[in-house]
Amino acid sequence: MTGTSAAPRVRIAPSPTGPLHIGTARTALFNYLFARHTGGTFILRLEDTDQVRSSIAYEKDILDGLHWLGLGWDEGPEVAGEAARGPHAPYRQMERLPSYAAAAERLIAADQAYPCFCTPEQLEADRKAQEAARQPPRYVGRCATLTPEERAAREAGGRRGALRFRVGEGIVAFDDIIRGHVEIDVSNLGGDFVIARADGTPLYHFSVVVDDAAMEISHVIRGEDHLSNTPKHILLFRALGYPEPRFAHLPLILNADRSKMSKRKSQTAVLDYIAQGFIREALVNYLALLGWATGTEEEMLSLDEIVERFDLEAVHKGGAVFDRERLEWLNGQWIRRLDADELIDRLRPFVEAELRAGRIDWMPSDDELRSLLPVIQERLPTLGAIGDLVGFLWVDQVAVDAAGLVPKRWDAATTRDGLTAARATIETVGEVTFEADELEPPLRALAEARGWKAGDLFMAIRVAVTGRTATPPLFDTLVALGRERTLQRLDRALEVLASA
RNA sequence: GCCCCCAUCGUCUAGAGGCCCAGGACGCCACCCUUUCAAGGUGGAGAUCAGGGGUUCGAAUCCCCUUGGGGGCACCA
């Protein structure tokens with residue numbers, strides 16, 4: 001156990017082998033929450049020792065995503081011209097190789113680790129045999145008892161061994177902050193495990209321990225998938241003479257079928273959520289409530305409010321299914337809370353995306369967006385829904401077909417009459433000012449005079465000018481469209497009806 | 001196969017022995033509002049608290065077993 005009085009030091013240690021995953025974001029969030037709540041330090045470390053799968057592009061995606069979420073770190077790697085921050089730089093494991101080599105030397109000197117010359121083929125054969133015998137996979141220990149002469153002989157042949165850690169015997173116990181007392185017999189660990197590749201690069205179980213010790217991590221808060229591996233880490237902390245941090249294993253985020261959330265079955269990339277128009281307030285709020293609750297009935301909480309209330313010991317043990325519908329609801333709630341300027345700023349990129357995708361023909365001005373806010377703000381489940389909601393305002397022409405133009409209770413002839421009359425009314429009324437309040441009464445009067453249900457007439461107009469049956473309120477929509485374009489679209493619809 | 005973890009409405013959860021024949025939210029249904037769609041309001045369906053044993057005057061809450069689910073067991077992280 002570490003000292004209890006010092007401020008906590010926690011870390012998020014993603015490996016840049018893929019885009020920022022929802023699960024990583026949640027783990028980062030909980031570490032951040034714990035650090036901020038306790039006045040501790042939040043550290044970011046990149047675990048890039050898997051050279052084959054790691055890439056700088058993923059690293060950027062992860063860092064950008066965490067920034068986007070508002071989860072700033074106190075200590076972390078240099079990035080984009082910025083110097084590394086914190087007393088334990090560097091924060092990329094591939095830049096810390098000497099420290100692992102030194103730790104490895106100490107273990108070898110103490111005979112707690114030894115080189116293993118087994119080939120991948122041999123290991124694979126062992127595994128197959130164990131599987132056939134219905135035995136759990138485990139390293140058979142072929143190289144555990146090599147004499148110095150035997151080692152020398154193998155090394156003379158130019159072969160370099162991977163480094164294995166001697167697991168020994170006994171039971172490792174620890175008190176997980178979330179799960180309570182956990183005990184595991186090391187005989188179930190699968191035998192002596194590899195801590196460094198033949199090329200000298202460290203493996204996760206090793207580098208994570210060396211770095212957590214070096215960076216004085218006091219609380220290791222991570223996913224439950226690491227629970228079974230924790231004894232390996234504890235063994236290494238002890239062998240290296242380092243104090244053991246406290247552990248807290250978070251429940252997993254699950255697919256709908258309750259398996260660990262995966263790319264195959266769920267949308268896992270944070271960047272994809274961002275691209276669809278989920279906002280950080282909602283994502284953070286939602287993620288915080290996956291596996292943790294305030295104990296009250298409040299559920300819309302800002303990051304700061306969550307920090308205030310967060311309690312690691314109140315985190316659940318059971319996994320939680322990721323429910324996108326609930327996220328969308330929360331997102332809509334948060335969008336409605338955004339003030340005008342903020343919403344416009346956040347909406348702009350999504351309108352630009354519509355333009356790039358060719359779904360609209362020009363870019364509306366900020367003022368135009370602002371004037372639309374009263375009717376769209378409560379209708380956006382995501383920012384990305386903007387195009388679908390009002391994209392028809394920014395296209396040269398909407399697609400309408402004769403059948404679609406005719407309201408359910410009407411026929412083509414009535415629709416023709418209705419639109420013709422409505423056009424005339426709108427043209428007349430709109431001569432002076434073109435406002436929703438001015439347009440509605442005369443059109444209602446028109447419907448009344450002709451014995452039409454106002455809703456039917458409105459629906460015919462709606463489809464004629466927007467090409468859709470579901471839109472924001474009609475008169476606001478006409479105003480947004482403007483008199484000229486409203487009339488043009490009515491004319492166009494009438495032409496379509498005539499030629500049908 | 002072995003080890004570990006977990007278990008309250010479909011989902012996220014409240015609940016830390018009596019306030020619970022279980023509360024809230026999402027989703028679903030109905031109604032209200034209403035020109036459509038949303039939003040909002042009101043109401044409803046939905047959990048014998050996985051099952052079975054205990055402990056206790058009393059258990060969703062404590063213990064045990066069973067079942068179910070998940071995770072781990074790489075020269076991945």
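Note on naming: letters A, B, ... go to the chains in the order of the sequence lines (proteins, then strands), and numbering restarts at 1 for each one.
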Base partner of [N], which must satisfy Watson-Crick or wobble distances under 3.5 Å:
{"N": "B:A14", "value": "none"}
{"N": "B:G1", "value": "B:C73"}
{"N": "B:A50", "value": "B:U66"}
{"N": "B:G27", "value": "none"}

A:Phe30 six-ring face occupied by A:Arg26 cation (under 6.0 Å, within 45°):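 Relative to the ring axis of A:Phe30, which defines the angle, A:Arg26 lies inside both limits.
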Using the ring of A:Tyr139 (Phe, Tyr or Trp, six-membered ring only), decide whether A:Arg164 places NZ or CZ under 6.0 Å from its centre and within 45 degrees of its axis.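 The answer is yes, since A:Arg164 meets both limits relative to A:Tyr139.
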Categorize [X] for me: base, sugar-phosphate, or nothing, with a 4.0 angstrom heavy-atom threshold over every strand shown.
{"X": "A:Leu474", "result": "base"}
{"X": "A:Thr469", "result": "base"}
{"X": "A:Ser228", "result": "base"}
{"X": "A:Arg134", "result": "sugar-phosphate"}
{"X": "A:Asp225", "result": "sugar-phosphate"}
{"X": "A:Arg444", "result": "base"}
{"X": "A:Thr49", "result": "sugar-phosphate"}
{"X": "A:Arg468", "result": "nothing"}
{"X": "A:Gly291", "result": "sugar-phosphate"}
{"X": "A:Phe475", "result": "base"}
{"X": "A:Leu252", "result": "sugar-phosphate"}
{"X": "A:Arg179", "result": "sugar-phosphate"}
{"X": "A:Gln51", "result": "nothing"}

Measure the distance from [atom1] on [X] to [atom2] on [N] and round it to the nearest whole Å.
{"X": "A:Glu121", "N": "B:C75", "atom1": "CD", "atom2": "P", "value": "13 Å"}
{"X": "A:His249", "N": "B:C3", "atom1": "NE2", "atom2": "P", "value": "20 Å"}
{"X": "A:Phe193", "N": "B:C76", "atom1": "CZ", "atom2": "C1'", "value": "15 Å"}
{"X": "A:Leu478", "N": "B:C37", "atom1": "CG", "atom2": "P", "value": "17 Å"}
{"X": "A:Leu254", "N": "B:C12", "atom1": "CG", "atom2": "P", "value": "8 Å"}

Evaluate the criterion salt bridge (charged side-chain N to carboxylate O under 4.0 Å, His left out) for residue pair A:Arg92 and A:Glu59; output intermediate values, then yes/no. CA-CA 10 Å; A:Arg92 279 188 192 77; A:Glu59 184 181 305; 2.5 Å; yes
Could you please name the option among [options] that lies closest to any side-chain atom of [X]?
{"X": "A:Arg164", "options": "B:U35, B:A77, B:C75", "value": "B:C75"}
{"X": "A:Leu203", "options": "B:C75, B:G27, B:C4", "value": "B:C75"}
{"X": "A:Val182", "options": "B:A77, B:C73, B:C4", "value": "B:C4"}
{"X": "A:Arg326", "options": "B:A77, B:U35, B:A25", "value": "B:A25"}

Residue pair A:Thr466 / A:Arg462, side-chain donor-acceptor N/O under 3.5 Å: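 No donor-acceptor contact under 3.5 Å links the two side chains.
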Mind checking side chain to side chain donor-acceptor pair (under 3.5 Å) for A:Glu124 and listing every partner two or more places apart, or none if nothing turns up?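 Result, side chain to side chain donor-acceptor pair (under 3.5 Å) vs A:Glu124: A:Arg127, A:Lys128.
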Suppose you measure atom P in B:C32 against the same atom in B:A47; what distance do you get, rounded to whole Å?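 Straight-line distance between the two P atoms is 28 Å.
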